[in-house]
Each structure stands twice: as structure tokens, then as C-alpha cells.
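Protein chains get the first letters and strands the later ones, always in sequence-line order, with residue 1 at the start of each.
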Amino acid sequence: MLSLTRLIEKKLQEALEKVVKGQSDQSFVSEINCNPQLSPASKPEYGDFQANCALSLAKPFKQSPRQIAINIVDQLHKDDTFLKLCKPAQIAGPGFINLTLRESCLIKELNDRFIDARLGVPVTEKTCLADSPCQVVIDFSSPNIAKEMHVGHLRSTIIGDSLARVLEFRGYPVLRLNHVGDWGTQFGMLITHLKDVAPLALQQQDALELGDLVAFYREAKKRFDTDQLFQQASREEVVKLQRGEEPSKRAWTMLCEQSRKEFQKIYDRLDIRLIERGESFYNSYLQEVVHDLDSYGLLVIDDGARCVFLKGHKNGEEHTAPPVIVQKRDGGFNYSTTDLAAVRYRLAPIPQGDGAHRVIYVTDAGQTSHFAGVFEVAKLANWVPEGARLEHVPFGLVQGEDGKKLKTRSGETVRLCDLLDEAVERAESDLRKRLIDEGRNEDENFIQHVATTVGIAAVKYADLSQNRNTNYQFSFDRMLALQGNTAPYLLYALVRISGIYRKGGEHDLSSEGLHFTEPQEWALIRELLKFDEVIVLVEEELLPNRLCNYLFELSQIFNRFYDQVPVLKAPKKSRMSRLALCRLTAETLRIGMGLLGISTLERM
RNA sequence: GGGGCUGUAGCUCAGCUGGAUAGAGCGACGGUUUCCUAAACCGUAGGUCGUGGGUUCGAGUCCCGCCAGCCCCGCCA
């Protein structure tokens, strides 16, 4: 209903302007805000929209808000276009103008949806170079080489993927970047240690499992902290690596390759596509970054380190913020330098960089001040083109049901593969129990397929359905619950629709002569028509939970309809119309869940 | 000391540009199945929106103070 909303807003604004012109006292007119303040009705009883402008105009007009509302409505009712769209406007309460769409108008919108594979969601109109859609970069997931993916990577991976899907659906070219931790002193440590204890592993592909690497990493870290000689050797190893010396470089390549294979298993299970471009990619740009900043006079040498000092602001007062260090006392670079090089590269025009217009970082909220500093420096260094956006998309911690950081029973970090295994196992045992209770007989393939789909969907949906800013309390029981705002609930709604088509709905595909009589039908129609607005909202706010909320509400409204209104046994005219509604509901749920990265089922 | 996030029903959370009597789900209690998958639907109970001020015709939402929890703050990422 995006375009319809805009049209009604325009009509209201015209009416409002006429009312303003008709005022005897024009002295205040320039100060008046002619925004009609149109919003969706806060309750179904109030219709489809409400306009709140009359209330705020009472004071400048020196009239009662109700009188102003009457004047606006009088103007509206002279407008034929408006009258074709809406029933006569109602004035309610202190001066709200309530608008209800005509059924003919809803039906027309609905018909447009039936023939639109995009369900009314427009392709973005924003264009950049050569009138093509603007390039978006999303930086998400980003595990560390030589370590296993753990629960700490869950949210970034799931949220980042969903945002990428939404932006892609809106027609943006999206570069999904996996900014893996593939550089730094830890590799010096690890390679030095492996040379001692498992030299073969550095020459031969597949000699080590990632699990072994993690153990070796721990040992290496221990030695590094206690053994001076080892520390020295590790530092030298880093230097060799940075120079690209052959045995070291080859060992590093191997470690990366090994990790990559493990990561890919997780990404395959989660159905996530990523392009790996790790920190090491930016090595050759680090020096240029420092040079650039220096040429803008931004660098200050403080205690031997090259820093950029930024000013913080609060209530107009300045205070000193900690500096962004771009080159350490020993000449080495750190993560700020890498992130600056990445920003610079991503924003630079195409042969030199990615030519991005919007760069989105999906990382935990702990890095908020880090990114604020990096973005600020990028602006000062003139790397950010006019209109380009740099956005940090922060998210809270994953907590256990005790409210503390999620750990295993023995107190260790939860591995992502274990977490997914458990979700699928629980889904499987739930399913088996239900099959017995209901006396159903299904083959192994079906059970495995349903359990996998439900388990993965539950993990993803539980994460996405929560406002990402808050910490997230992880609970298998809640996410796999068969009722409430969960993936199984949504999947079930779709399964019910599929059931209708299995039992003889296939032949009624015509959407001509739509005919609706029941309030449950109209409620479902109104909800279906909101889909486009929700998608555009998510694109702007980068909050997938808004989409989840919508899909949950849609499922609830559908389930009510399903429960209270017969479809297959309805008279012919209603039957056709209801089947059409079912079909659109199914499409909306499928596409909506698809944008969350969740695949759906016909039966479960 | 500086900064960020959070605080809404017993529990887990929604609440978009400030708008009408603050909403879901779970849990509790009660009801519904000769009918498209009851993994559903209907109903009841449950609130000083952390707290004190301010702005406004109107504040869960905006501004200021305070309290509580979590997190970040120069050479780790």
C-alpha cells in the first residue's frame, strides 16, 4: 500500500493547505507545518489510517482541534479522487481524522498483488553512477582463522545475511563480505608452535582438523605468555610472514584453507553466501592510509604512536575522546588501521575500490565506539563521498537462560556446529513424538528434512525476531516451541495452506470476481497489503525483527481466518476468493521467510 | 573519570515520524475437534512503562538529573 498511502497523504496535504489559506489571520502561516501527520490507524476500529494534524494546529489557529478537523474533512470531501479511495472521513476523539479505505480500493490493490511476483515491493529508485542502483557492502560473520565458529558469530551471521537478502530484494547490488581475522601476531605464534610440534601439518594439506588447530592455538598462546624465546621467535615469524617469505607464507595459506573449509560447512547448513575478504587483503593499503591521514594533517605523534584525536560532544560542550591509534610505537599497524583501510577501499570508486554507497557493519555492540571513531576519521580524511552512508549495525550478547553469557555446562564457549546439531536433534525428537501421538507414518527422509528445516529455522528466527540492540536470551525450549512468535508457528501456518491445496484447491487459481463477506477475510486482506511497507522499513532501519513481527501477525490473522472461515467447503464464489487469499498469504510467508533466510515446508 | 546500550505484566519481549483505554507470546485459569494438519482457535486474570523533574494540547517515546545491570575507553581484534 506504499503508493496508495502516498496518494492519500498528498490528498490530505492539499486539503490542509486549502484550510490554511482560508484562515483570516495569515501572520502565522509561514510557521505552520503542513504535514498531515498520516499514520496507520492505531486500532482496527479506527479504520485504515489516521491523520493527527488537526490537534497540533489548534494553537496557531486559535480554534478547537475538532473544528479544524471538520474544515479539513470538508475539503477532502470535495476531492473526487479521495472519495473514490476512502469512505467519508470520520472525526473522533479530540480531533483525529480517521480514514477507511473502500472495499473496491482494497480489491484493486489485492488484484495488483496477484499478478506481481514481488508482492508490491518496488525495486529501489535510488541510483548512483550511470543510473544504476547504488552498491551496498555488508560486512558480517567474520570469524577468525584457526579458530572455530562459536556462538559469538551467530548473530552477526544471521542478521547480516537477512539484511543482505532484504537489500538484494530491493534491487541493490550487495557485496557480502566476510572480513575474517586472517592476520596478526596470533599467526606468528601458531606457526612457530606448529613448526615445533607438528611440522608435517604445515606442509601437507588436511593433516590437521580445525579442532586440533584450536588446541594448538591454546598451547601456542600459553607458550607465548611464559616463554621469552618463543615470544621472540613468534615475532620474527610475523615479520617473515609480512615479507611473504615462502615457508611461512605457505603455512599461513594452509591454515586459512583449512579454516575456510570448516566455515563453509556451517555456511552451507545455514544457507549463507559470503565472499571472503580477510584483514590481510588490506595489508598493502595500510601505509597509504597513514600517509593520507598525515597529508590532511590529522596525525599526532603521542608517546611514539601515530594517532588521530577526535572531539567528543555533549550538550554542545567538547570533551576529549581517546585517540584512534593508526600506527603503534613499534611501527606496526593495528585493527583501527585495517578498518580504516577497509572503509577507504569500500568507498573508493570502482577500479580502485568497491564504489559502495552504503557500507553496513554487523558486529556486536561492544565495538560501537571503535566504529564511531573509524567513521569519524574516514569523514575527516574525505573518503566518504556525498550521500554515502557508513552504518554500524550493533547487536547485544547471546545469553543463557541464567542471563549470563552463553556457555556449555563445563563452562566453555559453545561451538556453532554443536548448537545447530542440538536444535535439529530437538526438532527431530519433537517430531517423532508427534508422529506417534497422531498415528502418522513418515519415512526417514521426511523426518530428517523436516527436523533440519525446523531446527535451523528456529535458531535463525529466534535471533531475528528480537530487536537486535538488546541482549538475547538463548533458549532451545522457547525457540522450538510450537506456539507463540516462533519459526514453527510460522511454518505451520504455511503447512495449513498447503494442506488446502493438496485437498483440492489447485484448480481454483482465478482471481477474477473477488467476493468477500467475512471480517476475517478483510482483516487478512489488510494485513497482506502491508508487506511492501514493512520491507521498505527494514531496508531503512536495518531491523529484521520488524519483518518477523509482521509475519507473526500475518500468521495469527491467517490462523484465525482458517479456523473460523471454511475454504474448500464454501460456496463456489467465496471458495475461489478464499483460495486466492490463501495463495497470496502463502506467497507472502514464503517470500518473507526467504528474506529472513528461512526455508519453508509443505508438510511437517 | 569519559562514553555506549539496557530497564515496560510472574517470565521472554513488541511498541515506526510524540497521539485515542500501553500490546503480544509463554506461564496460570476456563472453553472449542463428526469439518482444509488442534503445532490451532476463543475467553479470563495480570501494569505507578526504573525513578524525579522539564518541554507539549498530549510523553513508554523528546530534553535534563538520579538509581540499577551489562559493555567499551592508547599501542589485542
With a 3.5 Å cut-off and sequence neighbours excluded, list the donor-acceptor pairs that the side chains of residues 391-400 of chain A form with protein atoms.
{"unit_1": "A:E391", "atom_1": "OE1", "unit_2": "A:R358", "atom_2": "NE", "d": "2.6"}
{"unit_1": "A:E391", "atom_1": "OE1", "unit_2": "A:R358", "atom_2": "NH2", "d": "3.3"}
{"unit_1": "A:E391", "atom_1": "OE2", "unit_2": "A:R358", "atom_2": "NH2", "d": "3.3"}
{"unit_1": "A:H392", "atom_1": "NE2", "unit_2": "A:T363", "atom_2": "OG1", "d": "2.7"}
{"unit_1": "A:Q399", "atom_1": "NE2", "unit_2": "A:G403", "atom_2": "O", "d": "3.1"}

Report the relative orientation of the aromatic rings in A:H370 and A:Y335; use parallel for angles under 30°, tilted for 30 to 60°, perpendicular for over 60°.
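Geometry flag for A:Y335 against A:H370: tilted rings.
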Does A:E553 pair with A:K530 as a salt bridge, N-O distance under 4.0 Å?
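Looking at A:E553 and A:K530, the cut-off is not met.
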Are A:E428 and A:R432 within salt-bridge range, i.e. N to O under 4.0 Å?
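Yes.
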Scan [X] against the nucleic acid and name what it touches under 4.0 Å (heavy atoms): base, sugar-phosphate only, or nothing.
| X | value |
| --- | --- |
| A:P566 | base |
| A:A481 | nothing |
| A:N98 | base |
| A:L55 | base |
| A:T486 | nothing |
| A:V565 | base |
| A:Y46 | base |
| A:N559 | sugar-phosphate |

Does B:C70 have its OP1 or OP2 closer than 4.0 Å to a side-chain nitrogen or oxygen of A:K405?
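So the side-chain polar atoms of A:K405 never come under 4.0 Å of the phosphate oxygens OP1 or OP2 of B:C70.
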Give each protein N/O atom lying under 3.5 Å from an N/O atom of nucleotides 42-45 of chain B, with the pair distance.
{"unit_1": "B:C42", "atom_1": "OP1", "unit_2": "A:R560", "atom_2": "NE", "d": "2.4"}

Please state how far atom [atom1] in [X] lies from atom [atom2] in [N], giving the value in whole angstrom units.
| X | N | atom1 | atom2 | answer |
| --- | --- | --- | --- | --- |
| A:Y501 | B:C36 | OH | P | 17 Å |
| A:D563 | B:C36 | CG | P | 12 Å |
| A:K62 | B:C57 | NZ | P | 14 Å |

Consider only side-chain N and O atoms of A:D339 and A:Y282, and report whether a donor and an acceptor are under 3.5 Å apart.
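Side chains of A:D339 and A:Y282: no pair found under 3.5 Å.
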Using a distance-only test with no angle check, is there a side-chain donor-acceptor pair under 3.5 angstrom linking A:N334 and A:T337?
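Present: a donor and an acceptor within the cut-off.
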Selection from B:A39, B:G19, B:C16 that lies nearest to any side-chain heavy atom of A:L431:
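Looking only at side-chain atoms, A:L431 lies closest to B:A39.
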As a test of reading the structure: which of B:C41, B:G19, B:U37 is closest to the side chain of A:Y489, going by heavy atoms?
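Among B:C41, B:G19, B:U37, the one nearest the side chain of A:Y489 is B:C41.
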[M] and [N], which share atom name [atom1], separated by this distance in whole Å:
| N | M | atom1 | answer |
| --- | --- | --- | --- |
| B:U51 | B:C67 | C1' | 7 Å |
| B:C64 | B:U56 | C1' | 16 Å |
| B:C16 | B:U34 | C1' | 47 Å |
| B:G18 | B:C57 | C1' | 12 Å |
| B:G74 | B:G3 | P | 16 Å |
| B:G52 | B:A40 | C1' | 47 Å |
| B:G7 | B:G60 | P | 15 Å |
| B:G23 | B:C49 | P | 14 Å |

Pairs where residues 462-479 of chain A contributes a residue and the test salt bridge (charged side-chain N to carboxylate O under 4.0 Å, His left out) is met, not counting sequence neighbours
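Passing the test, one end in residues 462-479 of chain A: A:R155-A:D463, A:R426-A:D477.
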Contacts under 3.5 Å, N or O only, protein and nucleotides 24-29 of chain B:
none

Base, backbone or nothing for each nucleotide of nucleotides 72-77 of chain B, written B, S, -, heavy atoms under 4.0 angstrom, 5' to 3'?
SSBBSB
Under the rule for ring pair (Phe, Tyr, Trp, His ring centres under 6.0 Å), what residues qualify as partners of [X], not counting sequence neighbours?
| X | answer |
| --- | --- |
| A:F561 | A:F558 |
| A:Y489 | A:F552 |
| A:F516 | A:W522 |
| A:Y361 | A:F371, A:F375 |

Residues two or more places apart in sequence or in another chain: which of them pass side-chain contact (heavy atoms from CB on, under 4.5 Å) with A:S162?
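By the side-chain contact (heavy atoms from CB on, under 4.5 Å) rule, A:S162 matches A:L464, A:P544, A:L596.
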For the base of B:A40 and the side-chain ring of A:Y492, does the geometry meet a stacking cutoff of under 5.5 Å between centres and under 30° between planes?
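A:Y492 vs B:A40: stacking no.
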Here's a test of your reading of the structure: between A:V567 and A:R546, which maps to the more 5' nucleotide of RNA chain B?
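The answer here is A:R546.
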Symbol by symbol from the 5' end, with Watson-Crick or G-U pairs under 3.5 Å, [ ] crossing and | another strand, RNA chain B is (((((((..((((.....[...)))).(((((.......))))).....(((((..]....))))))))))))....
Are the side chain of A:Y562 and the backbone of A:C582 linked by a donor-acceptor contact shorter than 3.5 Å?
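Not confirmed, A:Y562 side chain does not pair with A:C582 backbone.
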Using side-chain heavy atoms (C-beta onward) and a distance below 4.5 Å, is A:F531 in contact with A:V121?
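They are in contact (side-chain heavy atoms under 4.5 Å apart), so the answer is yes.
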Tell me which residues in residues 462-471 of chain A lie within less than 4.0 Å of RNA chain B, going by non-hydrogen atoms.
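Correct list: A:Q466, A:N467, A:N469, A:T470, A:N471.
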